[in-house]
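Written out below as structure tokens is the structure these notes cover.
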Amino acid sequence: GERRAYTVRIVNADRTANELVDLVCEGKHARIDGQRVELTLPAGSDLSALTPTLLHRGARVSPSAAPRDFSAPQVYGVIARDGTRRDYEVSIRVAGVDEKLLTDFVLGAALGSVAGAEVTLLLPAGTDPRALVPSRLQHTGTSISPSADAPQDFTSPVSYIVTAADGSTQTYLVRAS
């Protein structure tokens, strides 16, 4: 074989991109609404020294990754390559001992709609519902059953039970079609 040398140049076409895409802390994904970011951690969590991971479209984030005290909201800026900055106010709170909300349920590309104690999902055409594992399953309790990594048969509704720190439970019925 013949050897050839190539030069690869990666170019970010958008010099003005400064968007926060995701914030993850203690394994939980935050909800981003414009420039407000909110996250609830399980009861008993310590907010005094958290280091969230930020996924962004931009050149960098300020401040850099270091433990911060989230007992009050913190501001992170996403700085574009052209130097423009967009600030995001990040609020992290600890769930109450009786909280047991199912807040986020995603199967592959299907985002669940949570209404009361029911979750509905519209699966993409051709999806086999017989052994699906949630790609994201978030709650404010201390545990969920069945576990988030257990495959489930969604040909009929599946019950998920969220347990709060005080031992109380809430059952959610998940319907995928």
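Residue indices begin at 1 and follow the sequence shown. Keep in mind that the numbers below use all heavy atoms, side chains included, and drop hydrogens, waters and symmetry copies. These numbers were taken from a predicted model, which means no experiment stands behind them.
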Assess whether atom [atom1] of [X] is packed by more than 12 heavy atoms of other residues, nucleotides or ligands within 6.0 Å.
{"X": "R85", "atom1": "CZ", "value": "yes"}
{"X": "R136", "atom1": "CZ", "value": "yes"}
{"X": "D128", "atom1": "CG", "value": "yes"}

Carefully, step by step, assess N18 and I79 under the rule side-chain contact (heavy atoms from CB on, under 4.5 Å).
CA-CA 5 Å; N18 57 5; I79 296 109; over 6 Å; no
Would you check if [X] and [Y] make a side-chain contact, meaning some heavy-atom pair closer than 4.5 Å?
{"X": "T155", "Y": "R130", "value": "yes"}
{"X": "L132", "Y": "T127", "value": "yes"}
{"X": "P63", "Y": "R68", "value": "yes"}
{"X": "P52", "Y": "F70", "value": "yes"}
{"X": "Q152", "Y": "Y160", "value": "yes"}
{"X": "P42", "Y": "K28", "value": "yes"}
{"X": "P129", "Y": "L123", "value": "yes"}
{"X": "S177", "Y": "R175", "value": "no"}

How far apart are the closest heavy atoms of [X] and [Y], and which atoms are they?
{"X": "V94", "Y": "A43", "value": "CG1-CA, 3.7 Å"}
{"X": "L41", "Y": "C25", "value": "CD2-O, 3.7 Å"}
{"X": "Q138", "Y": "G27", "value": "OE1-O, 4.4 Å"}
{"X": "P157", "Y": "L173", "value": "CB-CD1, 3.5 Å"}
{"X": "A150", "Y": "P134", "value": "O-CD, 4.4 Å"}
{"X": "A176", "Y": "L107", "value": "CB-CD1, 4.3 Å"}

Reported [atom1]-to-[atom2] distance for the pair [X] and [Y], which is rounded to 0.5 angstrom:
{"X": "R31", "Y": "S91", "atom1": "CZ", "atom2": "OG", "answer": "13.5 Å"}
{"X": "I92", "Y": "L50", "atom1": "CD1", "atom2": "CG", "answer": "5.5 Å"}
{"X": "R81", "Y": "T84", "atom1": "CZ", "atom2": "OG1", "answer": "11.5 Å"}
{"X": "I144", "Y": "T169", "atom1": "CD1", "atom2": "OG1", "answer": "11.5 Å"}
{"X": "H139", "Y": "Q170", "atom1": "NE2", "atom2": "CD", "answer": "13.0 Å"}
{"X": "L111", "Y": "S135", "atom1": "CG", "atom2": "OG", "answer": "9.0 Å"}

Check: How far apart are the C-alpha atoms of V90 and V75, what are their side-chain angles, what is the distance that settles it, and do they pass the side-chain contact (heavy atoms from CB on, under 4.5 Å) test?
Finding: CA-CA 6 Å; V90 179; V75 175; over 6 Å; no
How about F105 and Y172: are their ring centroids closer than 6.0 Å?
no
Using the six-membered ring of Y76, assess whether NZ or CZ of R86 lies under 6.0 Å from its centre and within 45 degrees of the ring axis.
-> no
Linking I/L/V/M/F/W/Y whenever any side-chain heavy atoms sit under 4.5 Å apart, do [X] and [Y] land together?
{"X": "L47", "Y": "L23", "value": "yes"}
{"X": "V158", "Y": "V106", "value": "no"}
{"X": "V114", "Y": "I32", "value": "no"}
{"X": "L102", "Y": "I161", "value": "no"}
{"X": "V61", "Y": "V37", "value": "yes"}

Steps toward side-chain contact (heavy atoms from CB on, under 4.5 Å) verdict (T103, T140): CA-CA 7 Å; T103 57; T140 60; 4.0 Å; yes
Please check: side-chain N/O of [X] versus main-chain N/O of [Y], any donor-acceptor pairing under 3.5 Å?
{"X": "T171", "Y": "A117", "result": "no"}
{"X": "Q35", "Y": "Y88", "result": "no"}
{"X": "E99", "Y": "G96", "result": "yes"}

Quiz item: Does a donor on one side chain sit under 3.5 Å from an acceptor on the other, for H29 and D104?
Solution: no
Do K100 and S168 have a side chain donor and acceptor closer than 3.5 Å?
yes
